[in-house]
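A quick write-up on the structure given underneath.
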There are 2 protein chains.
Amino acid sequence: MPMSNEKYTEEQVKLARYAKALSHPVRVQIMEILASQSCCYSGDIADDLPIARSTLSQHLNELKDAGLIQGEFTPPKIKYCIRREGWDEAKHLLSQFLLMK
Amino acid sequence: MPMSNEKYTEEQVKLARYAKALSHPVRVQIMEILASQSCCYSGDIADDLPIARSTLSQHLNELKDAGLIQGEFTPPKIKYCIRREGWDEAKHLLSQFLLMK
DNA sequence: AAAACATTTCGTAATATTGCGAAATAAATT
DNA sequence: AATTTATTTCGCAATATTACGAAATGTTTT
């Protein structure tokens with residue numbers, strides 16, 4: 001047992017959180033869709049995906065909670081985009097991690 | 001709905017599987033430990049981690065199932081190492097994915 | 001053969017994820 | 001004001017994850 005009060009480092013926790021956000025194929029696909037065009041309306045994403053809209057909404061929320069995407073309300077639709085800060089941090093942490101060996 | 005029979009591409013599924021393997025801080029830490037020394041005995045890993053040995057065993061199994069590590073039985077211990085093929089594939093898929101935007 | 005050691009499997013509990021359809025919310029259009 | 005459109009929240013069910021300690025497995029040492 002390590003002596004630290006915390007079980008894991010902040011980086012380990014963050015890395016795991018980003019990895020978890022990407023741990024379902026549909027969320028990988030959502031990120032790919034958002035990357036391929038600057039932004040995208042929720043409905044347009046739904047048309048490309050084999051899941052119910054309510055289920056998509058949950059996946060979008062997970063990506064948002066992880067800080068990887070952001071949604072802008074432009075009535076009556078919601079425009080989703082990749083969130084730079086989160087995406088860049090995920091990139092940085094994962095790249096570092098993958099380079100280690 | 002896409003016309004393809006399969007819901008997701010092979011790459012999306014593989015990427016999600018590797019991401020899932022790394023979606024818990026303790027598994028990130030295990031990979032870091034294994035990367036920092038060529039190989040490691042299960043018991044030595046357990047000494048560094050704040051979880052029960054049976055729990056560690058489950059996490060090791062998940063990493064093994066994902067193809068990221070391999071265990072060699074050198075009685076009475078088991079020596080765990082990073083599995084090159086899997087690790088390299090994860091590296092490749094994730095790097096590609098992260099570069100996309 | 002018995003004791004010690006290293007690790008896994010089993011049983012179980014608590015919690016999280018994934019999925020859907022129905023209902024709710026909220027804005028735009030008629 | 002009523003209808004349409006876009007999306008989310010709710011309620012629920014099925015399954016998966018995470019964790020632990022106890023028991024089992026298999027090897028080495030005594």
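Within every chain, numbering begins at 1; the chains are lettered A, B, ... in the order of the sequence lines, protein sequences first and strands thereafter. Computed from a prediction, not measured in an experiment: that's the story for all the values here.
Judged by distance alone, the side chain of A:R27 and the main-chain N or O of A:K20 form a donor-acceptor pair under 3.5 Å. No donor-acceptor distance shorter than 3.5 angstrom exists from the side chain of B:K101 to the backbone of A:R84, with no hydrogens or angles considered.
With D:dT9, C:dA27, C:dT8 as the candidates, the nucleotide lying closest to the side chain of B:Y80 is C:dT8. Nearest to the side chain of B:H24, among D:dT18, C:dC20, C:dT7, sits D:dT18. The side chain of A:L60 sits closest to D:dT8 out of C:dT18, D:dT18, D:dT8. Picking from C:dA6, C:dA27, D:dA6 the nucleotide with the shortest atom distance to the side chain of A:F73 gives C:dA27. Here the side chain of B:K77 is nearest to one of D:dC20, D:dT7, C:dA6, namely C:dA6. Considering only side-chain atoms of B:P75, the nucleotide from D:dT28, C:dT8, C:dA28 that sits closest is D:dT28. Nearest nucleotide to the B:S54 side chain, out of C:dA6, C:dG19, D:dG21: D:dG21.
At whole-Å resolution of the value, CZ in B:R53 and C1' in C:dC10 are 19 Å apart. Regarding B:Q58, its CD atom lies at a distance of 11 Å from the P atom of D:dT17, rounded to whole Å. When rounded to the nearest whole Å, the span between CG of A:D65 and C1' of D:dT9 equals 14 Å. Summarising the geometry, the separation between NE2 on B:H59 and C1' on C:dT7 is reported as 16 Å, rounded to the nearest angstrom. At whole-Å resolution of the value, CD1 in A:I78 and P in C:dA26 are 12 Å apart. Taking atom CG of A:L63 as the reference point, atom C1' of C:dT17 lies 14 Å away to the nearest angstrom. Taking atom CD1 on A:I69 and atom C1' on D:dT7, their separation rounds to 13 Å, with Å as the unit. C:dG21 atom C1' lies 15 Å from atom CG of A:L56, rounded to whole Å.
Neither side chain, A:Q96 nor A:E11, offers a donor N or O lying under 3.5 Å from an acceptor on the other.
Within the nucleic acid shown, B:S42 comes within 4.0 Å of sugar-phosphate atoms alone, with no base atom in reach, counting heavy atoms only.
Within residues 12-22 of chain A, no residue has a heavy atom under 4.0 Å from DNA chain D.
Within the structure, a side-chain polar atom (N or O) of B:T55 is placed less than 4.0 Å from OP1 or OP2 of D:dC20.
Under the 30°/60° scheme for interplanar angles, the aromatic rings of A:H59 and A:H24 are found to be tilted.
A salt bridge links A:D47 with A:R53: the distance from a Lys NZ or Arg NE/NH1/NH2 to an Asp or Glu carboxylate oxygen falls below 4.0 Å.
A 4.5 Å side-chain heavy-atom check between A:L22 and B:L15 finds every atom pair outside the cut-off.
Taking both residues in full, the closest heavy atoms of B:A16 and A:P25 are given as CB-N, 3.5 Å, listed atom of the first, atom of the second, then distance.
Mapping A:P76 and B:T74 onto DNA chain D via the closest heavy atom, the residue that lands nearer the 5' end is A:P76.
For the two cysteine residues A:C81 and A:C39, the thiol sulfurs sit under 2.5 Å apart.
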